[in-house]
Amino acid sequence: MPAPGELTFAAPRGAKKPPRHLADLTPAERREAVTAIGEKPFRAKQLSQHYFVRQAHRPEEWTDVPAASRERLAEALLPELMTVMRHVSCDDDATRKTLWRLHDGTLVESVLMRYPDRVTMCISSQAGCGMNCPFCATGQAGLDRNLSTAEIVHQIVEGVRALREGEVPGGPARLSNIVFMGMGEPLANYRRVVDAIRRLTDPEPDGLGLSQRGITVSTVGLLPAMLRFADEGFKCRLAVSLHAPDDELRDTLVPVNTRWKVSEVLDAAWEYARSSGRRVSIEYALIRDINDQAWRADLLGRLLKNKRAHVNLIPLNPTPGSQWTASRPEDEQQFVRVLESHGVPVTVRDTRGQEIDGACGQLAATER
Ligand code: SAH
């Protein structure tokens, strides 16, 4: 039985499960897995240290583990999960997108974005997406499958390693922010995403030791899962992909709205703001002549007035084959002004990575 709020999707017939990996397991489960192959329980902690703290993935680097045990431990707990198909960079290499190939040939992507004061990584939680938003490249191809916890975590461990080893120009750096804004609907892969957040934020060496405050989970508004997420006690930020303040338009832009309406989704967002103490980020892709009218800005302003919300306006990144495009500059400015007149904080997202098909799902789509 799925837990309340869990959406289940049928896995493709004959699909092999991703190999079990250390990052799928709690520290206690890691000790069990190690003893099950006849190794001492403390080897589990050593492996966690190598994986999370040193990002030393190759057994020959584990000099504190007897050579005879290394391969066996690697096979049991640190199998290869994914390989880089390619990296694509832009913005003077400050933005790097990675296309990953998973064990069963599935493709997913992650993006590393370096700014003067922070480094943000955008990661995928599913291969494909079942939410079917018409302006989103990932939505067009449908859902392949959920990622395992370790497949989610590994994207970040690799990003941390790349930054530490200076692969991104500007000298070695640390990862400060993680956004679940790559492929997939994170709350439709609820258990694995929550477990991944624990692995990312558990103190070293059990996890990566990152701050919950630096993590943003973005959702189309799966109401039961949002309420369940509010009960986890996280300090992560929640982002709600609203894109329209009225049900009539939102039913078409974010089809899951036919099930959970704008008002219900916003109420769940305020519940999350209360439990986490964090302002909720309202995502709004500005699409020319579709959702960028002054009256919609006014309606949005009324819904968000005096709430713990911040609006993130995203100029639409056009996807191949779609007639839709970004708003005119004057309409964008007007939208901002109207929201501000209601006292609603608003920022316009920068549009990094457009020339490398940085919009959600575009790179994987070109490989299909
Ligand atoms: N499924 C989740 C997270 C992934 S998408 C969600 O929908 O929130 C991350 C954000 O990018 C969402 O707000 C999504 O609506 C937005 N997005 C998708 N395609 C886009 C495009 N072509 N241009 C601008 N924003 C887009």
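Remember, it's 1-based here, ligands and their atoms both numbered in the order they're listed.
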Do the side chains of [X] and [Y] get close enough for a salt bridge, i.e. N-O under 4.0 angstrom?
X: R349; Y: E283; value: yes
X: E158; Y: R161; value: yes
X: K97; Y: E109; value: yes
X: E271; Y: R274; value: yes

> Which pairs count as side chain to side chain donor-acceptor pair (under 3.5 Å) when at least one residue sits in residues 203-217, sequence neighbours excluded?
Replying inline: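 Listed once each, the pairs would be none.
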>> Once side chain to side chain donor-acceptor pair (under 3.5 Å) is applied, what residue pairs with a partner in residues 174-185 remain, sequence neighbours excluded?
In response: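 Residue pairs with at least one partner in residues 174-185: E185-T219.
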>> For P169, is there any backbone N or O sitting under 3.5 Å from a side-chain donor or acceptor partner on D93?
In response: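 No.
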Taking distance alone, with N or O pairs closer than 3.5 Å, would you say [X] contacts ligand 1?
X: L316; value: no
X: G184; value: yes
X: E185; value: yes
X: E283; value: no

Under 4.0 Å, heavy atoms only, figure out whether ligand 1 is touched by the backbone of [X], its side chain, both or neither.
X: V254; value: neither
X: F180; value: backbone
X: H243; value: side chain

>> For M183, state whether at least one heavy atom is located under 4.0 Å from any atom of ligand 1.
In response: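 Distance cut 4.0 Å: M183 fails for ligand 1.
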>> When you measure from the heavy atoms of G182 to every atom of ligand 1, does any distance fall below 4.0 Å?
In response: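 Yes; G182 lies near enough to ligand 1 that a heavy-atom distance drops under 4.0 Å.
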> Taking the inter-plane angle between the rings of H154 and W100 on a 0 to 90° scale, is it parallel (under 30°), tilted (30 to 60°) or perpendicular (over 60°)?
Replying inline: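 Answer is perpendicular, since the angle exceeds 60°.
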>> Under 3.5 Å, is there a donor on one side chain and an acceptor on the other for S148 and R192?
In response: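 Their side chains do not contain a donor-acceptor pair, so the 3.5 Å distance test is not met.
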Which of the atoms in ligand 1, numbered in the order shown and given with their element, are less than 4.0 Å from a heavy-atom of [X]?
X: T319; answer: 22 (N)
X: T219; answer: 6 (C), 8 (O)
X: C136; answer: 18 (C), 19 (N)
X: M181; answer: 4 (C), 5 (S), 9 (C)

